[in-house]
Amino acid sequence: MIKRILITLIILMALAFNLSAKPIEFDDEEDLVPTSGSLRGASRFLAQHSRGLVKCNKNPRLCRAKGSPGPDCCKKKCVNVKTDKQNCGLCGKKCKHQEICCNGKCVNLMTDKRNCGGCNNRCKRGNSCMSGMCSYA
């Protein structure tokens, strides 16, 4: 008898919780964030939306979810401002054609002594960076 009452209460509480949840509203279809292909390991929040499109400006925590392109929200898209060439260091700060974004700074891997050939690849003191390789000056 007590088991039946407990099970009934649990079911009623679950129904009340689901009915009280606010649905996500979708405005227009442009500037939406696509989630990565598989939902395996993704949060329950992402798995509930089969379209996989949600704007991060309404829910910034979305960008910190597993499988997100990055923790920062720029123009309604999740990005990583430490590595994104279109939003390097700040939203909207674009790197030049020959540059990439390393730790939020636009750098040229072919000539930068602190990022020679790759991010955080420092040349030794007295060496220079030429064609992406550290060489003796």
Side-chain angles (χ1 to χ4, degrees):
M1 181 70 175
I2 293 177
K3 286 182 183 179
R4 285 186 185 177
I5 293 172
L6 284 175
I7 291 173
T8 304
L9 283 174
I10 291 172
I11 291 172
L12 288 174
M13 287 173 50
L15 284 172
F17 179 75
N18 282 336
L19 292 175
S20 67
K22 181 181 175 188
I24 292 180
E25 299 173 13
F26 294 96
D27 292 342
D28 51 352
E29 292 298 317
E30 67 183 75
D31 292 332
L32 296 177
V33 179
T35 57
S36 58
S38 172
L39 288 176
R40 180 178 226 175
S43 70
R44 198 171 122 208
F45 172 77
L46 292 175
Q48 289 174 350
H49 304 286
S50 59
R51 293 190 314 184
L53 302 171
V54 180
K55 293 179 182 180
C56 63
N57 65 325
K58 292 190 178 187
N59 188 0
R61 291 183 298 166
L62 174 70
C63 294
R64 292 188 297 272
K66 187 175 181 178
S68 171
D72 310 297
C73 184
C74 292
K75 292 189 178 182
K76 302 177 186 177
K77 294 181 182 178
C78 294
V79 297
N80 186 340
V81 296
K82 289 186 175 185
T83 58
D84 187 52
K85 189 174 179 170
Q86 301 299 315
N87 301 285
C88 189
L90 299 168
C91 292
K93 181 183 174 195
K94 295 181 182 180
C95 294
K96 294 177 184 172
H97 177 68
Q98 70 275 16
E99 296 177 329
I100 69 163
C101 187
C102 288
N103 296 318
K105 294 181 182 177
C106 294
V107 297
N108 186 333
L109 298 180
M110 296 299 175
T111 58
D112 190 305
K113 287 175 30 173
R114 292 184 186 121
N115 301 285
C116 189
C119 291
N120 302 318
N121 188 27
R122 288 182 176 262
C123 292
K124 292 181 182 176
R125 187 173 283 173
N127 289 359
S128 62
C129 182
M130 293 175 33
S131 301
M133 297 179 71
C134 294
S135 61
Y136 220 16

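Treat the numbers as computed from the prediction; the structure is a model and nothing was measured.
Proximity of Cys91 to Val79: side-chain heavy atoms (C-beta onward) are nowhere separated by under 4.5 Å. Using a 4.5 Å heavy-atom cutoff, the side chains of Lys75 and Lys77 are not in contact. Side-chain contact between Cys63 and Asp72 is absent, with no heavy-atom pair separated by less than 4.5 Å. Side-chain contact between Asn121 and Asn115 is absent, with no heavy-atom pair separated by less than 4.5 Å. The side-chain heavy atoms of Cys119 and Ile100, taken from C-beta on, include a pair separated by under 4.5 Å.
The two residues Asn87 and Gly92 have their closest heavy-atom pair at OD1-N, 2.7 Å. Considering every non-hydrogen atom in both Leu62 and Cys78, the closest pair reads C-SG, 4.3 Å. Here the closest heavy-atom approach between residue Met130 and residue Ser135 is recorded as SD-OG, 3.9 Å. The shortest non-hydrogen separation linking Asn108 to Glu99 is N-CG, 4.2 Å. Nearest approach of Cys123 to Ser128, heavy atoms of both residues: SG-O, 3.8 Å.
Annotation for Lys85: atom NZ counts as buried by contact number, over 12 foreign heavy atoms lying within 6.0 Å. The number of heavy atoms from other shown groups lying within 6.0 Å of NZ (Lys105) does not exceed 12.
Taking CZ of Arg64 as the start and CG of Asn59 as the end, the distance is 9.0 Å to the nearest 0.5 Å. Here SG of Cys116 is found 9.0 Å from CG of Asn127. Values are rounded to the nearest 0.5 Å. The CD atom of Gln86 sits 13.0 Å away from atom NZ of Lys93, with the distance rounded to the nearest 0.5 Å.
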(message) Using side chain to side chain contact (heavy atoms under 4.5 Å, CB included), reason through Cys102 and Leu109 one step at a time and then give a plain yes or no.
(response) CA-CA 9 Å; Cys102 288; Leu109 298 180; 4.2 Å; yes

(message) Does Cys101 form a disulfide (SG to SG under 2.5 Å) with Cys106? I'd like the steps, not just the answer.
(response) CA-CA 5 Å; Cys101 187; Cys106 294; 5.6 Å; no

